[in-house]
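Please read the structure below before turning to the comments.
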Amino acid sequence: MSSKPKAPSSRLDADLTDAELATLAIRAGHQRTPEGEHSEPIFPTSSFVFHSAAQAAARFGGDEDGNIYSRFTNPTVRLFEQRIAAMEEGERAVATSSGMAAILSLGMGLLSQGDHIVCSYSVFGSTVSLFTKYFSKAGIRTTFVDPSDLDAWRAALEPETKLLFLETPSNPLAEIADIRAIAEIAHQHGALLAVDNCFCTPALQKPLLLGADIVIHSATKFLDGQGRCIGGVVIGPDALMEEVFGFVRTGGTCLSPFNAWVFIKGLETLELRLKAQSAQAMELAQWLQQQPQVERVHYSGLDTHPQHQLAAQQQSAFGAVLAFEVKGGREQAWSVIDGTRMISITGNLGDTKTTITHPATTTHGRLSDEERAQAGIKDNLIRVSVGLEALDDIRSDLQRGLAAL
């Protein structure tokens, strides 16, 4: 079933013609039930009943739209899909049980044995593992390239290349890839470009408007924004999303109604949160640059970042995630992390609570030494996802950690 927003059916449903992002984030996709509820309803049901055996047959056979079974049709999940699709300016969204399930569903829905992927080597560690350990079992090969080297993207193309995949900004080094240029490379070859937009979200960046074909999110991160639920979503043209939906329907990588409802409420404050967190991250990155214990700060908002100008062109702000290298190695990085007393030591990000982690032994810990080195994940690297606590308190807590050195 399509997740395209529908025209309002009555005065109770909002007319969102030409509505801006902040309005779409609060109102898109909600078609009120006969109860006339103001807040979006949640439908925690596994199945739906039919008026007759004939209607059941028509629903299952695809001759009639409507709810069947919550593995693949649920009104709350559909509302979330319609809302995030509207925000990303995509035709259709398909929600999944996690961000990794979104990437899995994308691959299984659109790729076949013998196909080839070109992927940035600066992606989440589990994405690398999915491509190299599991897609390879299905006969789908992957070549990893420097995300900022356009010639490397071109050189990696093969006749069997069907998908180019990247994160921008990347996790955790905030590397920026030129979405428009890489989309042109993909399309000249007859391939698709998928962009993981987890760090920016549509509040700061819209890859589809820059030429990408597909957008991926771990809804667990900024879309939720408060570290409550796990989920993911794939957004793109209806024809492509129908194939992704087909895998979700059959494979069961579906989002629960409750989690969808939590994400719907998270979207309402997304733009406000991202703008505030981005502003705090910028100040924190500038402060970290001045600390004698810090060798390097990775944040695209800094003038020293090699892709600062590109980030400024394709993003409206620079995001809430930064990374920095301390003088020393793993022992020193762990000392800084353990020296904090407020910031949460956790691998999650995108929370209103500031989080800190050591990527080499957590988010990218399952990669080989060679893979980590290629991705620039050093033992002295620390990642911080900046939350909404008072900036002075975040800074003071990091100062406590740095003082441990």
Side-chain angles (χ1 to χ4, degrees), residues 21-22 25 169-176 198-201 203-205 220-228 266-305 307-308 311-312 315-327 332-359 362-363 380-405:
L21 181 76
S170 71
N171 182 9
L173 298 180
E175 293 174 280
I176 307 298
C198 179
F199 274 28
C200 277
T201 80
L204 305 184
Q205 175 176 264
T220 312
K221 311 301 191 296
F222 290 103
L223 298 191
D224 175 11
Q226 296 179 58
R228 298 166 292 189
L267 290 177
E268 293 183 357
T269 60
L270 177 63
E271 189 172 28
L272 291 173
R273 286 186 283 105
L274 258 294
K275 287 182 176 179
Q277 288 169 282
S278 295
Q280 298 218 121
M282 174 67 85
E283 290 196 46
L284 195 65
Q286 292 169 337
W287 174 78
L288 282 167
Q289 278 190 313
Q290 307 305 315
Q291 304 312 302
Q293 305 96 328
V294 175
E295 286 187 343
R296 183 179 179 185
V297 180
H298 300 270
Y299 185 67
S300 63
L302 298 174
D303 292 341
T304 54
H305 191 284
Q307 292 110 24
H308 171 70
Q315 300 169 203
S316 60
F318 300 103
V321 181
L322 58 86
F324 62 97
E325 299 169 19
V326 297
K327 293 179 179 178
Q332 286 68 35
W334 282 13
S335 293
V336 172
I337 293 170
D338 292 345
T340 60
R341 290 294 178 268
M342 178 192 74
I343 298 171
S344 305
I345 304 174
T346 177
N348 195 33
L349 58 89
D351 204 309
T352 54
K353 298 179 178 71
T354 299
T355 68
I356 192 168
T357 195
H358 182 246
T362 59
T363 59
N380 65 342
L381 183 73
I382 296 170
R383 188 192 73 192
V384 174
S385 176
V386 182
L388 290 175
E389 304 95 341
L391 180 59
D392 284 346
D393 293 333
I394 301 172
R395 194 160 38 207
S396 295
D397 203 34
L398 280 176
Q399 182 62 72
R400 273 193 290 264
L402 291 170
L405 299 183

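Side-chain contact between Leu349 and Thr357 is absent, with no heavy atoms from C-beta onward closer than 4.5 Å. The shortest distance between side-chain heavy atoms of Asn380 and Lys327 does not fall below 4.5 Å. By the 4.5 Å heavy-atom criterion applied to side chains, Thr201 and Glu271 are not counted as neighbours. Inter-residue side-chain proximity for Gln293 and Gln399 is flagged as met; some heavy-atom pair is nearer than 4.5 Å. Residues Leu302 and His308 fail the side-chain proximity criterion, which asks for heavy atoms closer than 4.5 Å. In this structure, Val321 and Pro172 have side chains that are not in contact, with every pair of non-hydrogen atoms separated by 4.5 Å or more. At least one side-chain heavy atom of Leu173 sits under 4.5 Å from a side-chain heavy atom of Leu381. Looking only at side-chain heavy atoms (C-beta outward), Ser385 and Lys221 stay at 4.5 Å or farther from each other.
Contact record, Met282 with Gly301: CE-O, 3.3 Å, taken as the closest heavy-atom pair. Closest approach of Ile337 to Thr340, counting heavy atoms only: O-OG1, 2.7 Å. In terms of heavy-atom proximity, Phe222 sits nearest to Phe199 at CE1-O, 3.7 Å. Of all the heavy atoms in Gln277 and Leu388, the pair that sits closest is CG-CD2, 3.5 Å. Looking at every heavy atom in both residues, Arg341 comes nearest to Asp338 through NH1-O, 2.7 Å. Between Cys200 and Pro169, the closest heavy-atom pair is SG-CD, 3.4 Å.
Of the possible donor and acceptor atoms, one in the side chain of Gln291 sits under 3.5 Å from a partner among the backbone N and O of Trp287. Within the 3.5 Å criterion, the main-chain N or O of Ala311 finds no donor-acceptor partner in the side chain of Gln205. Judged purely by atom type and a 3.5 angstrom limit, Glu389 uses its side chain to pair as donor or acceptor with the backbone of Thr354. Side chain of Arg383 to main chain of Thr355: no donor-acceptor pair is present (N/O by atom type, distance under 3.5 Å, no hydrogens or angles). Side chain of Ser278 to backbone of Lys275: no donor-acceptor contact under 3.5 angstrom is found.
Asp393 contributes atom CG, which lies 11.5 Å from atom CG of Leu398 (distance to the nearest 0.5 angstrom). Rounding to the nearest 0.5 angstrom, the gap separating the CG atom in Leu402 from the CD1 atom in Ile382 is 7.5 Å. Distance check, rounded to the nearest 0.5 Å: CD of Gln226 to CG of Asn348 gives 12.0 Å. In this structure, the separation between CD1 on Ile343 and CD1 on Ile356 is 5.0 Å, given to the nearest 0.5 Å.
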Practice problem: Please step through side-chain contact (heavy atoms from CB on, under 4.5 Å) for the pair Ile394 and Met342, ending with a clear verdict. | Solution: CA-CA 8 Å; Ile394 301 172; Met342 178 192 74; 4.2 Å; yes
Practice problem: Run the numbers on Gln315 and Ile176 for side-chain contact (heavy atoms from CB on, under 4.5 Å), then give the verdict. | Solution: CA-CA 10 Å; Gln315 300 169 203; Ile176 307 298; 3.4 Å; yes
Exercise. Tell me, with the steps shown, if Leu288 and Leu322 meet side-chain contact (heavy atoms from CB on, under 4.5 Å).
Key: CA-CA 10 Å; Leu288 282 167; Leu322 58 86; 3.7 Å; yes
Quiz prompt | Criterion side-chain contact (heavy atoms from CB on, under 4.5 Å) on Arg395 and Leu284, from CA distance to verdict | solution = CA-CA 7 Å; Arg395 194 160 38 207; Leu284 195 65; 4.3 Å; yes
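Only one option out of His305, Glu325, Glu175 pairs with His298 in a side-chain hydrogen bond (donor to acceptor under 3.5 Å, both in side chains); it is Glu325.
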